Every structure is written in structure tokens, then in C-alpha cells.
Engineer: 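Below you will find the structure I want to go over with you.
What you are looking at is a predicted structure, and each value in this text was computed from that prediction instead of being measured. In listed order, ligands and their atoms are each counted from 1.
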Amino acid sequence: MAFLHFDESMKIIKDLEISNYKISKRYLTETLDYVLAEDIVADHNSPEYPTSAMDGYAIKYKDLKLGRLKISSINPAGSDLTESVVSGECIKTFTGSLMPDGADTLIPIENVTVEGSEIVINQEVPFGFSVRAIGENYAQDEKLIAKGSKIDFADIGVMASLNVVSPLVYEKPKVAILSTGSELLELGESQTSAAQIRSSNNYILEAIVKKYDGEPLQLGCISDDKESILQGVKDALHQSDIVVTTGGVSVGDFDFVKDVIVELGCEVLFKGVRVKPGQHIMVAKKDDKFIIGLPGFAYSATVTALLYVVPLIAKLQQGRCSLRRVEATLREPFNKRQKKAEFTACNLILENGNYYVDFQGKKSGTSAILTNMLGSTALLITSEDDISKDRGDKVQVLLLD
Ligand code: AMP
Ligand code: MG
């Protein structure tokens, strides 16, 4: 299989047909960051009746000219008042109280002096002052939140006001994570040989999946043994919607992941992309599940997870990928070395509303340099047709926050 153009690989992910979206009802307070699977439509007006927006006295506007009104009753919020306001009188009314019948205006406490059982009006207000009209907040049958929206705090508040106890949401895709490599040590495991290295990939992936709205299933590390990897990926497929592996997709003698994916009867969507880092990435489909074989180097695994795993997680819940591209200005030249799409760690600086990038403190070397992702890092994007860039040139960067 020839290596694909990076844009073509992105298009394959974008155009994937998903046959089985998983939806379920979730208790409202547990839905933050989930994607709505239904439109939220108001079933009533808010407010349903004219309501006071301040503490004061409910009056007839035309009575303002009388200058002095008798207080006939008191109307706290939550009470079902039966009295109405008649000419020459007012009813003490509070923020959130329904306006009494007969009243059209609220004169605030600050505008009057109370003398015995009367108020004296010191400062007039316009007609309808401080009366919240029916439907001010929303009207019956108005679509307030569209299906496909990612639920944020305001959505939760609006749904609470509509008494939507358990909205219908897309389930977060379950993402099984497996790192392959006989040299790998898990967190806390004792080192017994100088040839061992600490695995970081499976922990980075767990964090990426959590951050970008998947549900991680951490399956740890497996050694480079074909049978173990076959069994591991098979088990992972049973328990998840997406299986993400790292390592073993390259061309080495012990790179078994690529063979296992084929042996499992998966449909390979692509293997090998003209992208740096991560050119050996492999994406496959097994029924309605996906396997993404990421390369082993930590920087490569991280970048390719952001490029391929994050959009797939969004796609399985009809959501939008949360990574954004913005334009920035280079503060240093960028040397384009290979004819591939490149994603280069850079420092992102926001000054007076404009983004700038530089490479201060970023090391050059292999794709093992994960520390290049620390700090306020973004990824400078260049396409395979781009040439080297100069200081001051405008570039595209992928934001990671
Ligand atoms: P591979 O793709 O399996 O050939 O691995 C490429 C490089 O990435 C090797 O130097 C591995 O030691 C390293 N590597 C593989 N898996 C991990 C991991 N889980 N965490 C950190 N580095 C890894
Ligand atoms: Mg390996």
C-alpha cells in the first residue's frame, strides 16, 4: 500500500460512515462535556406570567401622577396572591414574585418613601418598569439547544429550568489503550535490565482520551510476541469502540501489530501516511469498531493520537473535533526538510490578540523527544508542498488546549 497524502488520510476519517451511534439517557448533572442526541425545545414560556425583576411596589402606571399610594397587601416570591392592584393602591412585591393582577409597572423600593401604610413616590419610572414579560427568557416551542451541541454549564442550567431530568446524549466512545514493546516498563515496575525503558505512551493516551471526551480503558503494555498481541487486541476489541495501540507498526522484525490487524480480518483503511511524525500509522475497521495503530516513539504517538484518535472520538458521538487551527506569525525561520505534512512542536505566544510562534527551548532530534510537548505548546502545520519559512511569515498552528 503506497503512503497516502496526509489530507487524504484526514478525509478518510472525516468521511467514515458510522452505522451505530450509541445513545443513552444520563442524569442531567452527569452530562457535562457529553454531546446532545436530541434537540432541547422549550415546553413553556419563561417566565410563564409577568414577573417582578426588583423589590418594590406593583402599581398602575397611570397612578404615578397621584404621588402617594396606599399599600394594600404584600406579595412575597412563591406566594399565590389573590388580591389585585386597584387604582390609588399598590402591593409590595419582590424580585421573582408574580405581578399582581391590575398592576403593569413596578416602582422600586429605592424610588419611594414609606409613610405609615402609604408610599410617597420620589422618582418616577417608565411604563412596565421592572416587569419581566411572558417569554422574556424563552418562548414555548423555541429550540433552545440543538442536537449535536457539546453540553456546557449554560446548557445544564437551561435544561434544569426546563426540568429535563435526563437528556439523551451520545455515549462517550470507549477507547482501549495498549502499548506494545518488550522493552517497556509500566509505571512503578522495577527495572531489571538496562535495555528497558519506561512506557509513557499508554499514559499519554489515557490522558488524551479523557481530555478529548472519550472513555479510556487502560490495558497497559504487552511484549513483542505476536500471539500475546493478537489476544490483547482481540480482547480489547470486545471491550471498546476504538482500540489504540502504540509501537510495532513499523517495518522491524518484531513489529507485529500491523500483521495482527490483518490477521484479525480487519479492513485496513490506510497504512502509511506522508506525515511527520508518525508515517507508519495504520487505521483499520472491524465491523463497527476501529483500530488505530500508532507508532512507538512518544512524540509520534502523541501527535498522531491528536490527529487521528481525537477526531474519531468526536465522530463517534456526532461531535466536532475540539482541536482548532489558527493563524500565527513566525518569530524564527522554519526549515522544511522533508516532502511530508509536518507537525512541529512550537511555543505559542498570544500578544495583543495575535498569535506568534517560536522554537525557543525545543530540541531537534528524534521523535522520542516528548519534552518538546511541555509548556504552552502548539503544533506548527506545514503541508508536503510547503517550503521553508522566514521570520514574519504567516503559518497555521494546531491549538492543543
Ligand atoms: P516501535 O514503533 O515499536 O519500533 O518503537 C519505536 C520507539 O518508540 C522505540 O525506541 C521504542 O522503545 C519507543 N517506544 C515504544 N513504545 C513506547 C512507549 N509505550 N512509551 C515510550 N516509548 C516507546
Ligand atoms: Mg517496538
Engineer: May I ask you to establish whether Arg274 and Phe3 are in a cation-pi arrangement, using a distance under 6.0 Å from NZ or CZ to the six-membered ring centre and at most 45° from the ring axis?
Structural biologist: no

Engineer: Just wondering, are more than 12 heavy atoms of other shown residues or ligands nearer than 6.0 Å to NZ in Lys258?
Structural biologist: yes

Engineer: Strictly by salt bridge (Lys or Arg N to Asp or Glu O under 4.0 Å), give each pair with a member in residues 191-204 just once, sequence neighbours left out.
Structural biologist: none

Engineer: Would you mind running through ligand 1 and noting each atom that sits below 4.0 Å from a heavy atom of Ser179?
Structural biologist: 19 (N)

Engineer: Suppose we measure from atom 17 (C) of ligand 1 to each protein heavy atom; which comes out shortest, and what is that distance?
Structural biologist: Asn201 ND2, 3.2 Å

Engineer: Between Val249 and ligand 1, find which residue part has any heavy-atom pair under 4.0 Å and reply side chain, backbone, both or neither.
Structural biologist: neither

Engineer: A quick test of your reading: do over 12 heavy atoms of other residues, nucleotides or ligands sit less than 6.0 Å from NZ of Lys25?
Structural biologist: yes

Engineer: With a sphere of 6.0 Å drawn around CZ of Arg320, does it hold more than 12 non-hydrogen atoms of other residues, nucleotides or ligands?
Structural biologist: no

Engineer: Can you tell me the protein heavy atom closest to atom 19 (N) of ligand 1 and the distance?
Structural biologist: Ser199 OG, 2.9 Å

Engineer: Quick check, are the ring centers of Tyr34 and Tyr170 under 6.0 angstrom apart?
Structural biologist: no

Engineer: Which residue pairs pass the side chain to side chain donor-acceptor pair (under 3.5 Å) test with at least one member in residues 148-157, sequence neighbours excluded?
Structural biologist: Lys150-Asp213

Engineer: Does an N or O from Gly296, backbone or side chain, lie closer than 3.5 Å to an N or O of ligand 1?
Structural biologist: yes

Engineer: May I ask you to identify the nearest protein heavy atom to atom 4 (O) of ligand 1, giving residue, atom name and distance to one decimal place in Å?
Structural biologist: Asp255 OD1, 3.9 Å

Engineer: Between ligand 1 and Ile197, is the shortest N or O to N or O distance under 3.5 Å?
Structural biologist: no

Engineer: Is there a donor in the side chain of Gln218 and an acceptor in the side chain of Asn202, or the other way round, less than 3.5 Å apart?
Structural biologist: yes

Engineer: For atom 10 (O) of ligand 1, what's the nearest protein heavy atom and its distance?
Structural biologist: Phe297 CE2, 3.5 Å

Engineer: Give me the residue, atom name and distance of the protein heavy atom closest to atom 20 (N) of ligand 1.
Structural biologist: Ser200 N, 3.0 Å

Engineer: Pick, from Gly248, Gly220, Ser250, the option with the minimum heavy-atom distance to atom 1 (P) of ligand 1.
Structural biologist: Gly248

Engineer: Please state which option from Arg198, His280, Glu183 has its nearest heavy atom closest to atom 12 (O) of ligand 1.
Structural biologist: Glu183

